[in-house]
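To start, the structure itself, in structure tokens.
The model shown is predicted, which means the values in this text are computed figures rather than measured ones. Just so it is clear: chains get the letters A, B, ... in the order the sequence lines come, proteins before strands, and each one is counted from 1.
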Amino acid sequence: MKIATWNVNSLSVRLPQVLDWLHAQSPDVLALQETKLTDDRFPHADLLAAGYHSVWLGQPTYNGVALLSREPAQQVQRGIPGLDDPQARVIAATFGEIRVIGAYFPNGQAPGSDKFAYKMQWLDALQAWLAKELAQDAKVALVGDFNIAPEDRDVYDPVAWEGQIHCTPEERAHFRSLLDLGMFDAFRAFEQPPKSWSWWDYRNLAFRKNQGLRIDHILLSESLRASLRQCFIDKAPRKNERPSDHAPVVAELET
DNA sequence: ATGACATTGGTACAATGA
């Protein structure tokens, strides 16, 4: 079971790259963020022709999430239950024994802003829901664009980024709280190359200089630890002529 | 340097991202 996540920054622009990548990596489940599509424009027929079922939650212009899968999704949940959120950020479904939650965490803009307050509220709601999901389903994967760099080693210039958005103590405390519910960071379960990022700014030749952040994550419930075989960031799609600013993260589980 | 670059909606440039 190969589970992946990728912020594509517009699925209409990136669809050819997504189709290429599905062919190259053959994930069983791929969570997408920032589809930036209304539900009526979701390219489900193209994806089905490539061998993937889709479930999605969209809105005009911003946000938008989807789960693509070899097998059809079961028990689909759109949005965080009980959270009245006009922003399309969450879609969850069950694949075999595994509950997969695909999420596009709020950016938060800057500490002290209204958007930061929204991010904190949203994180509270996610945490409460994840606790319930873990009580119901033994095997849970929380994947997506977290917009949180959990530690200084996840930041190309931790001094410059200290206290900045994605790196604030409040965001990092929320990340640890998710782990404390009984999850672990699949990427950090293995030795990884230093300076591993999942996002590079479009500006300033950041990708060429490898100046980035690791903000896209795959968290797995402890019940899945023994079956995790590998976890990696695939930088290949970031080398495209017209790439997303994010690279996919992949976790491979036995069976 | 409220900058750079990319995307959407709409057809000029503001909002948003991270």
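- Residues forming a side-chain hydrogen bond (donor to acceptor under 3.5 Å, both in side chains) with Tyr52(A) (at least two apart in sequence, or on another chain): Arg70(A).
- Under the 30°/60° scheme for interplanar angles, the aromatic rings of Phe105(A) and Phe146(A) are found to lie parallel.
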Next item on the list: For nucleotides 8-18 of chain B, just jot down a letter per nucleotide in 5' to 3' order: B, S or -, based on protein non-hydrogen atoms under 4.0 Å.
Entry: SS-----BSSB
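- Ring geometry, Trp56(A) versus His44(A): the interplanar angle falls under 30°, so the pair is classed parallel (tilted spans 30 to 60°).
- The side-chain hydrogen bond (donor to acceptor under 3.5 Å, both in side chains) check on Asn147(A) picks up nothing, with sequence neighbours excluded.
- For the P atoms, the distance linking dA14(B) with dA4(B) amounts to 13 Å, nearest Å.
- Spacing of P atoms, dG10(B) relative to dC5(B), comes out at 26 Å, to the nearest Å.
- Judged by the 6.0 Å and 45° rule, Arg225(A) forms a cation-pi pair with Phe184(A).
- As rounded to the nearest Å, dG3(B) and dA18(B) have C1' atoms that lie 15 Å from one another.
- Between Lys2(A) and Glu252(A) no salt bridge is recorded (no basic side-chain N to carboxylate O distance below 4.0 Å).
- One P atom belongs to dA6(B), the other to dA12(B), and the distance between them is 22 Å to the nearest Å.
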